Amino acid sequence: MHFYNTTEDDQNQGEEVLKDVTKSGKERPWRERKLENVSYSELLQILKFKKASNVGACGRVLEFKPTDEGYLKLFKTWFCKSKLCPVCNWRRSMKNSYQAQQVVEAVIKEKPKARWLYLTLTARNAVDGEDLNKGLSELTKAFNKLKMYAKVKKNLIGFMRSTEVTVNKETGAYNQHMHILLCVENMYFKDKKNYISHDEWTTLWQKALKVIYRPIVNIQVIKPNKKGDTDIQSAIKETSKYSVKSSDYLTDNKDRNLEIVGDLEFGLFRKRMISYGGLLKEKHKLLNLDDMEDGNLVQTSDEEKPSEAEQEANSIIAIWHYQKQNYYLK
Ligand SMILES: [Zn+2]
């Protein structure tokens, strides 16, 4: 539940617009994400979802602490944690990529010779919410099978996987796929007994999915020890991003949006969109990182957490103004 008093807050708003700029000079997209959140909560309202008003209250009042250098650090707010919420998903993907970064670093430290692969597994499109919900369960089940196949298992050190759903603009079908950052033993590249070709991956995935069609599979090798590690960074980013893009359900066709949000709410119900396995899971636990989906979305990285001294400073409070469609300082 949100703990701010609505009527009191509205009277307390000033004229100054919130500006939250990062050290690299980028403005944090509070307004953009909140505008999308408002549209999303309006769709939920029409669809008579009980959580609609809670979603609308997500990130409505933001309490920041200023740093000595003049930056803002988010200190307190209330997030709805709905799976489709654009505000929460923005926070989640920041948090996911920060956590993944730490996990991957810890694994590299322990297994410097390990190699990394980026695997994308797809399944046939789903037609509606029920179909999608079932399809996502099957996808997870099939992946759990795939990782146990002898040839996969023998070199597998660990993985991070995320499930993504995209909406086909022409057919309206839901495409479900999985992005997996795989960590394998160096042996994987040694010979044909260890190496799994693209064709073999496809055959194994087809077997795991128990389907008659050839599913689309993509496998990329992440180049090792490259300066700046750009490949592994972008693979981490890809695996950490939102499970559903807000542009897929906030189009200019409102009837379509209602249908898509209805389907996705049903389809993603009780689905875990990100998970770790093997050594990556162990490291995630050892690093004491909290839950990717249900954890704290206020502090998404270490850097953002206000120090004890900073917490002593007076708060800067920004409140969303529904009519003026922006955050104003109190
Ligand atoms: Zn939210």
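Indexing begins at 1, ligand by ligand and atom by atom, following the structure's order. Nothing here was measured: the structure is a model prediction, and the numbers come from that model.
- Ring to ring, Phe159 and Tyr276 are not that close: their centroids are 6.0 angstrom or more apart.
- A salt bridge (Lys or Arg N to Asp or Glu O under 4.0 Å) with Asp20 is found for exactly one of Lys26, Arg33, Arg28, namely Arg28.
- Taking distances strictly below 2.8 Å, the protein N/O/S atoms close to the Zn ion (ligand 1) are Cys58 SG, Cys80 SG, Cys85 SG, Cys88 SG.
- A donor-acceptor pair under 3.5 Å is absent between the side-chain atoms of Glu310 and the main chain of Thr67, judged by distance alone.
- Note that CG of Leu268 is 8.0 Å distant from CG of Asn133, once rounded to the nearest 0.5 Å.
- In the displayed structure, Lys281 atom NZ is contacted under 6.0 Å by at most 12 heavy atoms of other residues, nucleotides or ligands.
- Taking Ile, Leu, Val, Met, Phe, Trp and Tyr as members and joining any whose side-chain heavy atoms lie under 4.5 Å apart, directly or through other members, the hydrophobic cluster of Val17 also contains Tyr328.
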